[in-house]
Amino acid sequence: MSSSRKPTSRSLRRTTVAATSAALAGVLLAACGGGGGSAAGGAQSGPVHIKVWAWYPQFKQVVAEFNKTHKDVQVDWVQAGVGQDEYTKLKTALKAGQGAPDVVMLEFQELPTIQLTKGLLDMGKYGANADKDKYVDWAWKQASDGDHVYAIPVDGGPMAMMYRTDLFKKYKLKVPTTWAEYKEEAVKLHKADPKAYMTDFGSDETAAGWRQGLMWQAGSRPYTYSASKLPDIGVKLNDDNAKKVYDYWGDLVKNKLVDTQSYATTDFYNGLSTGKYATYIAAGWGPGYLSSVAAKTSGKWAVAPLPQWNAGDDAQGDWGGSSFAVTSQTKHPKEATEVARELFGTSQAAWKIGIDQAYLFPLVKPILNGSYFQDKKYDFFGGQQINKVFVPAANGIGTFDWSPFQDYAYNTDTSEVGKALQGQTPWSSVNDNVQQKVTSYAGKQGFKVSQ
């Protein structure tokens, strides 16, 4: 996070912090003790059936393609919910010791939390390490820990700037290449039309991943985490790079150069379709989302690289991304690993569905860097080959660790941003407040936190 790739289906979802908090401390103690595993099933006649939970758009066709090309393994697909709804069911099943699928779709930021519960199979034992060089490095590192492979990357969300070419022409705006230029053009736009904004600042919980992606691009690395080094974790949510992001956007908000509507609301959709917003800072899955909610603006948009903090830099950030993981409850670890690796993998047929109909952004290099994806023209963007912007962004993203309490961190960040928006606290204190609350929470759950 939905057939149109709306934010609720990428890393934009409601959090269930209370439930996570209640279980995390005990889980950490168990995780530090090791153990866990999956027994292989007995002999059976006919193909092995693997149950998969996933909510990818048009996934039924991908499953049909897999089943058509695989004789000994067949996929039984279940739509068990989108985002947090699926995760809640998965955590319940894992805690109960039964009811989990063989393979499950998980967003990258969820992997540490589920892995901490010993809920994920190490697919490295079943040949998954052979896929390492097929995927962009940063995505593979998020899905693995050394030779331990806990997920197979599928899609990601490298960020770029979509902009209204007609509005830029009307108001004589230039396409900004730096964040300083972005502000200059925002001032010019709002002066010409006080009802227009350069963009909408994603301040609510559905945009937590958006804000994190901007900090990622700025060079902030809030966590240093490896499951093999539990209970140690590094937490630094208030470094200078993170602070400059909120100082910048807080300034735009205070000067009314950007709007502050909640993402995934009617007012936000209308802003994209009516010309209220001249740009949309979005991810590689954003073109499908935008073309759905702002269909009447087809042909009026273009894509440009994300503005840089320093002229000439090539820093990138990611918003969203998902993978296939095998749960520890599977009775068919070998076959489940095969499904996780090959449902999409390097399949041209599966990826044609994913690219053309689901607007997935591939992280497997033969597809990502292939001519079909890079040269594809998009009518909504006036025939622009937009992936010639997004692909270099994807290849330029640096490594990034997530925490095993990401829901709590996102929730806390959203709360503190909300206070700044309401004038209750200065923007300069947001990152420090988040740092204090998250480190305190992590310590209470049994983590040994370094700052």
Side-chain angles (χ1 to χ4, degrees), residues 1-24 27 50-60 62-63 75-117 119-120 150-151 154-155 157 202 204-210 212 262-266 268-269 283 285 288-289 292-293 319-330 340 343 358-360 402-414:
M1 172 62 216
S2 110
S3 61
S4 62
R5 304 300 285 171
K6 292 183 180 180
T8 50
S9 65
R10 304 298 326 135
S11 56
L12 318 176
R13 70 244 183 271
R14 294 178 300 167
T15 56
T16 53
V17 174
T20 302
S21 177
L24 200 53
V27 165
I50 299 298
K51 181 182 288 187
V52 176
W53 286 4
W55 70 84
Y56 293 109
Q58 308 303 324
F59 191 56
K60 182 177 181 180
V62 176
V63 170
V75 169
D76 298 331
W77 172 47
V78 175
Q79 218 288 23
V82 174
Q84 199 63 47
D85 290 339
E86 182 205 78
Y87 305 148
T88 298
K89 293 177 183 177
L90 177 65
K91 292 170 184 176
T92 299
L94 291 173
K95 184 177 181 179
Q98 61 181 355
D102 298 286
V103 175
V104 63
M105 172 185 175
L106 293 174
E107 294 165 283
F108 287 124
Q109 76 273 7
E110 293 294 328
L111 289 172
T113 301
I114 304 300
Q115 193 278 331
L116 185 64
T117 69
L120 301 182
Y150 296 107
V154 178
D155 76 314
D204 58 298
E205 62 187 352
T206 63
W210 179 82
Q212 185 68 83
S262 294
Y263 276 18
T265 63
T266 300
F268 175 66
Y269 301 152
W285 47 266
Y289 167 62
S292 172
V293 302
W319 175 23
S322 61
S323 65
F324 280 126
V326 176
T327 75
S328 55
Q329 288 184 17
T330 185
L343 260 168
Y359 281 91
L360 298 184
W402 295 104
S403 75
F405 38 79
Q406 198 60 46
D407 283 348
Y408 179 84
Y410 272 173
N411 184 31
T412 303
D413 183 77
T414 299

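Quick caveat: nothing in here was measured; it's all calculated off a predicted structure.
Between atom NZ of residue Lys95 and atom OG1 of residue Thr117 there is a gap of 11.5 Å, rounded to the nearest 0.5 Å. For the atom pair Tyr269 OH and Ser292 OG, the distance stands at 8.5 Å (nearest 0.5 Å). Once rounded to the nearest 0.5 Å, the distance linking OH of Tyr408 with OG1 of Thr113 reads 14.0 Å. Asp155 CG to Tyr359 OH: the interatomic distance, rounded to the nearest 0.5 Å, is 14.5 Å.
In this structure, the side chain of Lys89 engages the main chain of Ala80 through a donor-acceptor pair within 3.5 Å. When atom types are taken as modelled, the side chain of Trp77 and the backbone of Ala54 share a donor-acceptor pair closer than 3.5 angstrom. Tyr410 places no side-chain N or O within donor-acceptor distance of the main-chain N or O of Gln212, the cut-off being under 3.5 Å. For Trp285 (side chain) and Trp319 (main-chain N/O), a donor-acceptor pair under 3.5 Å exists by modelled atom type.
At a cut-off of 3.5 Å, with distance as the only test, a side-chain donor of Tyr56 or Ser322 sits close to an acceptor on the other residue.
Residues forming a side-chain hydrogen bond (donor to acceptor under 3.5 Å, both in side chains) with Trp402 (at least two apart in sequence, or on another chain): Gln142. For the side-chain hydrogen bond (donor to acceptor under 3.5 Å, both in side chains) test, residues two or more places apart in sequence or in another chain that qualify with Asp102 are Thr330. With sequence neighbours excluded, the residues forming a side chain to side chain contact (heavy atoms under 4.5 Å, CB included) with Ala100 are Leu90, Ala93, Leu94, Thr327, Gln329, listed by chain and number. In terms of the side-chain hydrogen bond (donor to acceptor under 3.5 Å, both in side chains) criterion, Thr412 has no residue partners (sequence neighbours excluded). For Ser323, there are no side-chain hydrogen bond (donor to acceptor under 3.5 Å, both in side chains) partners at least two apart in sequence or on another chain.
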* To do: Under the side-chain contact (heavy atoms from CB on, under 4.5 Å) rule, what do Asp413 and Glu205 come out as? Steps first, then yes or no, please.
  => CA-CA 8 Å; Asp413 183 77; Glu205 62 187 352; over 6 Å; no

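A pairwise comparison of heavy atoms in Ser262 and Asp204 identifies CA-OD1, 3.4 Å as the closest pair.
At least one side-chain heavy atom of Leu343 sits less than 4.5 Å from a side-chain heavy atom of Phe59. Side-chain contact between Gln109 and Asp407 is absent, with no heavy atoms from C-beta onward closer than 4.5 Å. Put simply, the side chain of Glu110 reaches to within 4.5 Å of the side chain of Gln84, judged on heavy atoms. Side-chain contact between Leu120 and Leu106 is present, with at least one heavy-atom pair separated by less than 4.5 Å.
Looking at Trp53, Phe324, Tyr87 one by one, the single match for side-chain contact (heavy atoms from CB on, under 4.5 Å) with Val104 turns out to be Trp53.
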